Amino acid sequence: MNIAIKNILTVLPGETPEAPQTVKKTDLYIQGSRIAAIGEAPADFTAEKTIDGTDKLLIPGLINAHTHSYMAFMRNCADDLSFMDWLFGRIDPIEQKMTDEDAYWGACLAILEMMKSGTTCFNDMQMNIMQTTRAAKESGMRAVISRGLVGSGDDEAGRSRLKQAYAERDAFRDCDRLTFRLGPHAPYTCDEAFLKILAKEAEQENMGIHMHLSESVTEIENCRKDYGCTPIELAERTGLFNRPFIAAHCVQVTDSDMDIMAKHGVSVVTNPASNMKLGNGFAPVPEMMAKGINVCIGTDGAASNNALNLIHEMSLVTLIHKGTHRSPQCVSAEDAFRMATINGAKALSLEAETGSIEVGKKADLAILDLKCPSMWPVNNPIAALSYSATGDEVETVIIDGNITMENKKVLTLDEERIYFETARIMERIG
Ligand SMILES: [Zn+2]
């Protein structure tokens with residue numbers, strides 16, 4: 001569809017990649033799935049739909065760089081517990097009783113929440129193949145999917161999970177909004193031999209990697225005991241860092257770990273709410289930025305966060321580090337905005353397609369209402385996104401040139417049905 005968005009305050013990239021983003025009032029034209037022009041309409045352009053941008057803000061759709069969508073129905077059911085009690089005492093037993101259909105409805109609920117708070121792309125690790133992928137495809141979302149891989153050596157179970165990952169990728173080849181990565185779950189659920197196999201497989205299949213790394217002190221201690229090195233050193237020596245690599249958490253890292261990640265171009269996803277809620281701490285984001293590491297933001301799953309709202313995470317990532325470093329400059333609102341947009345796109349090898357508002361890129365956009373108490377008056381919209389927005393200001397979402405949410409109504413999902421099904425799941429297995 002040809003869409004014109006008129007007279008709208010728009011966040012645009014600066015002159016150079018390093019220059020600050022700029023905000024200016026302009027018109028934007030969408031043809032098919034892409035941004036066709038900014039400012040002047042393209043020749044022969046006839047709008048089939050025109051959106052009035054008065055008192056609205058247009059931003060690139062946000063990118064949630066680490067989540068587990070299927071867990072959305074587990075929100076607020078395992079709180080204020082230690083990491084091990086949370087995982088093995090509460091979450092694991094629910095997962096054991098979960099069906100594929102449950103995972104699908106969980107993913108639908110997650111996508112609903114993400115879309116309503118301006119997310120247009122998410123990076124997911126899941127256990128029930130086809131389900132999150134099906135929900136992403138139906139909802140119109142852009143997604144990068146990893147089947148969580150667990151195994152040791154060349155064991156049958158690990159091999160069969162890898163086969164499932166390939167089967168899922170092959171089943172969705174027709175949808176170009178979906179890409180796939182290999183997802184070794186963590187150093188404590190995959191042994192070194194299995195990680196080496198996955199590094200080779202990723203090379204052969206030309207796939208990137210999505211993995212949890214260095215989340216908790218226990219993980220570091222056990223890794224040192226088992227392998228005599230940190231989880232990041234382990235990932236490097238197994239060859240995994242030779243592939244495009246997105247590392248979730250990286251809370252407990254040494255200076256040399258950060259040098260290793262910088263050397264290999266590893267992207268780090270910080271998940272501030274989840275890491276703090278589980279009492280794990282948080283990633284040393286300013287130090288990583290100083291070393292040139294690409295840092296992006298994730299929510300993690302709703303079982304540990306318990307929300308999937310990137311605007312909330314942008315606020316946390318700025319405030320935590322300002323507070324702990326006693327430096328109001330160390331993570332700026334501009335930094336947080338980049339982490340939630342273009343840095344996420346880079347981490348997912350999607351920077352040519354999404355993450356900023358530029359002619360030729362996919363039209364992945366969110367429109368926010370500015371005429372509301374949290375955003376008014378319009379002094380600095382980028383600061384507002386980190387410091388005063390709640391996510392509720394998002395009115396309209398466009399993904400791949402399609403309007404998926406309009407005036408706060410999600411058009412691609414049956415919202416009432418999702419509430420009904422997910423409540424029923426928790427009545428049955430919670
Ligand atoms: Zn996770």
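We count ligands from 1, going down the list as the structure has it; atoms in each ligand are counted the same way. Side-chain atoms are counted along with the backbone in the values below, which use heavy atoms only and exclude waters and symmetry mates. The shown structure was predicted, so the numbers you read here are calculated from the model rather than taken from an experiment.
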(request) Return the name of the atom in His212, of element N, O or S, nearest to the Zn ion (ligand 1). (result) NE2
(request) Taking atom types as modelled, find out whether Glu138 and Thr412 have a side-chain donor-acceptor pair closer than 3.5 angstrom. (result) no
(message) Would you say Gln164 and Arg161 are linked by a side-chain donor-acceptor pair, where the criterion is simply a distance under 3.5 Å?
(response) no
(request) State whether His249 contributes an N/O/S atom found under 2.8 Å from the Zn ion (ligand 1). (result) no
(message) Test ring-ring contact (aromatic ring centres under 6.0 Å, His included) on His210 and Phe245; report intermediate values, then the result.
(response) CA-CA 6 Å; His210 174 202; Phe245 194 105; 8.9 Å; no
(request) Report yes or no: does Asp300 have an N/O/S atom closer than 2.8 Å to the Zn ion (ligand 1)? (result) yes
(request) Establish, from distance only, whether the side-chain atoms of Asp79 and Asn306 form a donor-acceptor pair under 3.5 Å. (result) yes
